[in-house]
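When reading the values below, keep in mind they use all heavy atoms of this one structure, side chains included, and skip hydrogens, waters and symmetry mates.
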Amino acid sequence: MTTRAADRAVVGKLSTLDRFLPVWIGVAMAAGLLLGRLIPGLGDALSVVEIDGISLPIALGLLIMMYPVLAKVRYDRLGSVTGDRRMLVSSLLLNWILGPALMFALAWLLLPDLPEYRTGLIIVGLARCIAMVVIWNDLACGDREAAAVLVAINSVFQVVMFAVLGWFYLSVLPGWLGLEQTTLDVSPWQIAKSVLIFLGIPLVAGFLTRRLGEKWRGRAWYEDTFVPRIGPWALYGLLFTIVVLFALQGEQITSHPVDVVRIALPLLAYFAIMWGGGYLVGAAIGLGYERTTTLAFTAAGNNFELAIAVAIATFGVTSGQALAGVVGPLIEVPVLVALVYVSLALRRRFSRTDSGTADDARRPSVLFVCVHNAGRSQMAAGFLASLAGDAIEVRSAGSAPAEHVNPAAVQAMAEVGIDISTANPKILTADAVEKSDVVITMGCGDACPVFPGVSYRDWALDDPAGKGVDAVRPIRDEIRQRVEALIDELAPVASRR
């Protein structure tokens with residue numbers, strides 16, 4: 001399959017919402033700004049009811065936006081994330097040392113004559129992201145479990161450190177440097193309420209949904225049926241939140257175009273440096289694409305809801321500090337959407353870097369995918385590894401892996417001298433797909449992600465699940481024929497045993 005053909009395959013499998021996401025986000029921002037500007041009193045109407053200082057419509061949009069992503073998280077895999085000290089330490093340093101210090105430096109360098117906007121930007125730099133980052137990370141195919149852990153860590157540090165760092169960067173450090181000092185009146189409880197509402201509620205809901213859904217209907221149903229149904233609601237919530245947010249602040253933004261440009265410059269530099277720094281750190285310590293992406297987006301994103309609420313509560317709704325907080329998402333949303341596409345474009349580079357030796361990189365790589373990675377895909381991988389030897393790199397995975405390989409498949413393969421009894425079903429990851437030259441699916445539908453440059457085939461084979469060895473033998477024999485044809489195509493000189 002050519003790259004151009006693969007590109008068409010990608011577009012063909014994406015929903016209309018996903019395919020034109022940047023367009024919808026741009027339309028949502030423009031619609032919000034126009035509504036706020038053209039409809040008198042709309043902002044007051046939307047702000048009649050607030051939750052922890054945030055308009056009720058925005059609060060609902062955030063909760064709807066975060067729930068589907070957190071419901072996708074495999075909570076039984078969080079242990080593998082918490083054991084990755086390189087990623088955790090790097091995230092803490094990027095978020096709580098570099099991030100606030102960088103925003104402080106940029107604010108003073110680029111806005112030395114605008115103290116209100118400067119203070120507002122410093123507040124934005126102190127509010128580490130706990131909401132929209134889960135969307136950006138998911139769109140860029142980052143590690144969902146890692147994102148959940150890093151967001152939780154940011155939340156704890158936000159409660160403990162926000163007021164302390166606000167005091168340091170607005171009062172103590174400027175005093176040491178002979179600069180103008182400011183005070184920030186915010187309590188840890190105010191921050192804790194924001195965290196409990198905007199992270200705690202969707203996190204608990206997502207955890208309980210997965211726990212109960214898998215208990216009642218099983219993991220296969222949960223991930224193959226339920227998750228695809230709720231998935232689009234994350235983007236619906238995002239678009240709704242953007243419309244309401246910019247409707248609330250539309251007049252303030254459009255009334256100060258020059259000030260918006262001044263505020264935007266340090267923000268653009270901040271997002272680029274933090275995201276790029278996260279990628280460089282992740283690549284340097286060998287995190288791989290998925291966790292490097294998560295590290296970069298959690299470092300670059302900010303909790304604009306908290307920043308706006310603190311600025312309004314401390315300095316007033318019409319203050320320059322509040323305007324700086326409002327401009328934050330105006331710049332962050334399109335920039336981080338663009339960086340999602342930059343991340344996806346970098347996947348190939350990570351795949352080549354992570355592929356091992358130069359000889360490994362030259363070998364064609366094949367990934368067999370079925371739902372449970374317990375029968376068809378394991379037999380296909382067994383045949384390919386046995387018949388092609390080292391000429392082809394072989395992987396297999398499943399969208400909802402079983403606990404063990406199908407015993408009938410093990411017996412059927414043993415009859416032809418191939419032992420797959422020690423194989424372990426593995427979870428399908430986007431990273432594994434991206435590293436493969438050929439992906440062969442066997443009844444897993446659209447669960448397999450699609451990327452340019454990867455050749456996709458589907459083998460229509462009966463599922464051996466629940467069948468005895470007599471019924472599995474014809475499936476095994478058909479798989480062997482297909483694998484032999486594949487070897488002739490990819491490595492015709494490979495020796496066969």
Side-chain angles (χ1 to χ4, degrees), residues 29 32-33 36-37 43-44 46-47 50 52-55 58 99-129 158 161-187 190-191 194 245-271 273-274 301-333 335:
M29 294 172 65
L33 292 171
R37 184 72 178 180
D44 293 336
L46 292 173
S47 299
E50 295 185 342
D52 194 39
I54 299 295
S55 166
I58 289 182
L102 176 63
M103 189 68 90
F104 174 87
L106 290 171
W108 273 99
L109 286 172
L110 299 178
L111 300 175
D113 57 327
L114 298 171
E116 290 188 357
Y117 299 154
R118 186 175 63 233
T119 298
L121 285 180
I122 292 173
I123 293 173
V124 170
L126 297 175
R128 312 313 301 167
C129 195
Q158 205 155 101
M161 297 301 298
F162 186 91
V164 175
L165 290 175
W167 167 72
F168 177 77
Y169 280 105
L170 293 175
S171 182
V172 176
L173 185 57
W176 290 350
L177 300 175
L179 303 172
E180 182 181 346
Q181 297 171 281
T182 309
T183 59
L184 184 64
D185 183 19
V186 59
S187 70
Q190 182 180 352
I191 312 303
S194 175
L245 175 67
F246 288 105
L248 279 167
Q249 307 294 341
E251 183 176 358
Q252 192 174 2
I253 291 173
T254 56
S255 298
H256 304 83
V258 176
D259 292 346
V260 167
V261 172
R262 290 287 306 273
I263 296 169
L265 293 177
L267 284 169
L268 287 169
Y270 172 85
F271 293 132
I273 293 172
M274 290 300 296
N302 290 92
N303 187 352
F304 67 82
E305 309 93 340
L306 175 62
I308 293 172
V310 169
I312 291 174
T314 305
F315 303 102
V317 70
T318 60
S319 65
Q321 291 88 341
L323 177 61
V326 169
V327 174
L330 175 68
I331 306 303
E332 177 178 344
V333 170
V335 168

Show your reasoning for whether side chain to side chain contact (heavy atoms under 4.5 Å, CB included) applies to Phe162 and Ile123. CA-CA 9 Å; Phe162 186 91; Ile123 293 173; 4.1 Å; yes
Going by side chain to side chain contact (heavy atoms under 4.5 Å, CB included), name the residues that satisfy it together with Pro115, two or more places apart in sequence or in a different chain. Arg118, Glu180
CD1 of Ile122 to OH of Tyr117: how many Å apart, nearest 0.5 Å? 15.5 Å
Is there a side-chain contact between Leu173 and Trp108 (heavy atoms, below 4.5 Å)? no
How long is the span from the CD atom in Gln321 to the CG atom in Leu170, to the nearest 0.5 Å? 9.5 Å
Does Val172 have any side chain to side chain contact (heavy atoms under 4.5 Å, CB included) partners at least two apart in sequence or in another chain, and if so, which? Trp167, Phe168, Trp176
Could you measure the distance from the CG atom of Asn302 to the CG atom of Leu267? Nearest 0.5 Å is fine. 8.0 Å
Of all residues at least two apart in sequence or in a different chain, which pass the side chain to side chain donor-acceptor pair (under 3.5 Å) check with Gln158? Asn303
With Phe271, which residues qualify under ring-ring contact (aromatic ring centres under 6.0 Å, His included), at least two apart? none
Using side-chain heavy atoms (C-beta onward) and a distance below 4.5 Å, is Ile263 in contact with Leu323? yes
Flag side-chain contact, heavy atom, 4.5 Å: Arg262 against Asp113: yes
One should read off an interatomic distance between Leu121 CG and Tyr270 OH, to the nearest 0.5 angstrom, of 10.5 Å
Gln181 (side chain) donor-acceptor with Ser171 (main chain) under 3.5 angstrom: yes
Residues forming a side chain to side chain contact (heavy atoms under 4.5 Å, CB included) with Leu268, sequence neighbours excluded: Ile331, Val335
